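The structure displayed is predicted, hence computed values, not measured ones. No hydrogens, no waters, no symmetry mates; every other heavy atom, side chains included, goes into these values. Here is how names work: the chains are called A, B, and so on, in the same order as the sequence lines, proteins then strands, and each is numbered from 1.
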There are 2 protein chains.
Amino acid sequence: MTSPRQTRADRRRATEERILDKAREEFAARGFDRTTIRAVAGAAGVDPALVMQYFGSKRELFGRAVQTFTAPAPEAADADAFADRMLATLGLKLGGLPEGTLAVLRSMLTDPAAADHVRTALGGQIAGAGAAVPAHDDRELRAALAVTTLLGVTIGHQLLGLPALREASPDRIAALLRPALNALAEAAPGPDAAGA
Amino acid sequence: MTSPRQTRADRRRATEERILDKAREEFAARGFDRTTIRAVAGAAGVDPALVMQYFGSKRELFGRAVQTFTAPAPEAADADAFADRMLATLGLKLGGLPEGTLAVLRSMLTDPAAADHVRTALGGQIAGAGAAVPAHDDRELRAALAVTTLLGVTIGHQLLGLPALREASPDRIAALLRPALNALAEAAPGPDAAGA
DNA sequence: TTGTTCGGTCAACGGCTGTAGAGTCGCGGT
DNA sequence: ACCGCGACTCTACAGCCGTTGACCGAACAA
């Protein structure tokens, strides 16, 4: 093998990356609280103290591990593209979304910092989706419902592993979801809708 | 005051109930891992050892605290009642669902036991909802999508506290959600739907 | 070669947690 | 009046965790 003369900085970056990778896996599988620095270090073949030396604290390690998760707000011109855009995001999700994202999602219900992270990301996604919804006076609400719908399906599928969803193909799910999302974006509520 | 001559067994039941109440609050607010027996005992004005003596272990305390959460499967005859039934469940949810339920939901992503609990309950709910969906070959999948949709909205609203949902009235949310649920139950997917 | 920087390890501390066992005190039956 | 049972408390242990500081050896610059 022609070893490319691995310099010291190279080695450093490599270990750092390996730690980050294993941390992502662990955080995604067990969440923030149950993930131990010792376990991450062990998986990366490294001493726990090194993790601290590189990342300062468990919290910062988590931050670095999930920093790639800044959901790009889907941009879509009209309501038709709206559902497609969202489903594309979900399509990516159903195929298996990045481990950093799984990590934040897994921790969001028990770790306030992760919850903030998700709230912000979802907020951006809602704003982006809202722009694609026809100008109702409740665009934001409709967008929020669409986004949380996708969130629920993703949780049920990826994090809870509901059999009914695991058995289905992503395409089928997307096909069934599309009319539902369109209903959220387009249709006006029936005249008997209760106001408040 | 006519004190009803509180017997010893009465006092015992009262303390037990108080511990269970505070445990539910704590589990609902912080999840299983972050809830400490010491905190529960403190909130109940009781020694931590007593909690152990009464409930055996933290795990059993959790079990007792959330045992009321066995979501009754909604029974509905046709697809029309389908959405209404589910929304009624959500209506209850939006009004503030029982703390035991919040506790399991909060813990489900990080605690496998809670995840099992939710998977089972959701499975029952899916089966119940599936019976109300017109006889497609994918009734169960459609029902699962409807249930996870509601799950997502509930999480976004109750556990994450998304502003866009908090600001809206439950009735409005229900009105917007209804067509989406109907779309899941009724409409056949377009002929271009990809099979698998 | 010599001195130094730096990737990496070792050992340890302090805090918090679930849990166990012995003990205290007062109500309730006799 | 007496005694026992049971509600409740005190104290302590053992384990695990995040975090720290001293230390070692090899790669680098001079």
Side-chain angles (χ1 to χ4, degrees), chain A residues 3-27 29-66 103 107 110-114, chain B residues 3-27 29-66 103 107 110-114:
Chain A
S3 67
R5 208 59 194 106
Q6 195 160 223
T7 163
R8 188 149 57 174
D10 282 343
R11 250 192 88 67
R12 152 101 194 212
R13 253 187 301 269
T15 3
E16 210 168 50
E17 195 73 27
R18 204 180 38 208
I19 294 177
L20 233 28
D21 257 15
K22 296 303 183 180
R24 258 186 290 264
E25 288 181 23
E26 213 75 6
F27 281 134
R30 271 171 270 288
F32 181 81
D33 286 332
R34 295 206 176 180
T35 293
T36 131
I37 290 208
R38 282 173 166 86
V40 171
V46 148
D47 192 275
L50 190 66
V51 178
M52 296 300 300
Q53 200 166 329
Y54 281 178
F55 299 95
S57 72
K58 183 185 178 182
R59 177 68 52 189
E60 288 186 49
L61 172 64
F62 183 74
R64 287 283 305 272
V66 307
S107 310
T110 40
D111 181 63
Chain B
S3 66
R5 208 60 193 108
Q6 195 161 220
T7 162
R8 189 148 55 174
D10 283 343
R11 249 195 89 65
R12 153 101 194 212
R13 253 187 300 270
T15 339
E16 207 166 308
E17 196 72 26
R18 202 181 38 211
I19 294 177
L20 233 28
D21 257 15
K22 296 303 183 179
R24 258 186 290 264
E25 287 181 23
E26 212 76 5
F27 281 134
R30 272 171 270 290
F32 181 82
D33 287 333
R34 295 206 176 180
T35 293
T36 137
I37 291 209
R38 281 171 166 87
V40 171
V46 149
D47 192 275
L50 189 67
V51 178
M52 297 299 300
Q53 200 165 327
Y54 282 178
F55 299 95
S57 72
K58 182 185 178 182
R59 177 69 52 191
E60 288 186 50
L61 172 63
F62 183 75
R64 287 283 305 274
V66 307
S107 311
T110 38
D111 181 63

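Residues passing the salt bridge (Lys or Arg N to Asp or Glu O under 4.0 Å) test with Asp21(B) are Arg24(B), sequence neighbours excluded. With sequence neighbours left out, the side chain to side chain donor-acceptor pair (under 3.5 Å) criterion links Glu25(A) to no other residue. With sequence neighbours left out, Arg12(B) forms a side chain to side chain donor-acceptor pair (under 3.5 Å) with Glu16(B). With sequence neighbours left out, Arg13(B) forms a salt bridge (Lys or Arg N to Asp or Glu O under 4.0 Å) with Asp10(B).
Each of dG28(C), dT19(C), dG18(D) was ranked by its minimum atom distance to the side chain of Thr7(B); first place goes to dG28(C).
Taking atom CD of residue Glu26(B) and atom C1' of nucleotide dG18(C), one finds them 16 Å apart after rounding to whole Å. One interatomic measurement links the two molecules: CE of Met52(A) to P of dT19(D), which rounds to 4 Å at whole-angstrom precision. Distance CG (Asp10(B)) to C1' (dA7(D)): 13 Å, rounded to an integer number of Å. Ile19(A) places its CD1 atom 11 Å from the C1' atom of dG7(C), with the value rounded to the nearest Å.
Taking a 4.0 Å limit (strictly below) on heavy-atom distances, residues 57-64 of chain A reaches DNA chain D at Ser57(A), Lys58(A).
The CG atom of Leu50(A) sits 7.0 Å away from atom OG1 of Thr15(A), with the distance rounded to the nearest 0.5 Å. For the atom pair CD1 of Ile37(A) and CE of Met52(A), the computed distance is 5.0 Å after rounding to the nearest 0.5 Å.
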Give the C-alpha distance, both sets of side-chain angles, the deciding distance and a yes or no for side chain to side chain contact (heavy atoms under 4.5 Å, CB included) between Val46(B) and Arg18(B). CA-CA 10 Å; Val46(B) 149; Arg18(B) 202 181 38 211; 3.8 Å; yes
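Axis orientation changes by 10° from one end of the helix from dT1(C)-dA30(D) to dT30(C)-dA1(D) to the other, with each end axis drawn from 5 pairs and the value rounded to 10°.
Counting only residues at least two apart or in different chains, side-chain hydrogen bond (donor to acceptor under 3.5 Å, both in side chains) contacts with residues 30-52 of chain B comprise Asp33(A)-Arg34(B), Arg34(A)-Asp33(B), Asp111(A)-Arg34(B), Glu26(B)-Arg30(B). For residues 30-50 of chain B, every residue pair satisfying the ring-ring contact (aromatic ring centres under 6.0 Å, His included) rule, not counting sequence neighbours, is listed here: Phe27(B)-Phe32(B), Phe32(B)-Phe62(B).
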Output one line per pair: protein atom, nucleotide atom from nucleotides 8-12 of chain C, and distance, for all N/O pairs under 3.5 Å.
from   : atom 1 : to       : atom 2 : distance (Å)
dG8(C) : OP1    : Arg11(A) : NH2    : 3.2
dG8(C) : OP2    : Thr15(A) : OG1    : 3.0
dG8(C) : OP2    : Tyr54(A) : OH     : 2.8
dT9(C) : OP2    : Asp47(A) : N      : 2.8

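Taking every heavy atom of both residues into account, Ser107(B) and Gly31(B) meet most closely at OG-CA, 3.6 Å.
In Lys58(B), the NZ atom is crowded: over 12 heavy atoms of neighbouring residues, nucleotides or ligands sit closer than 6.0 Å.
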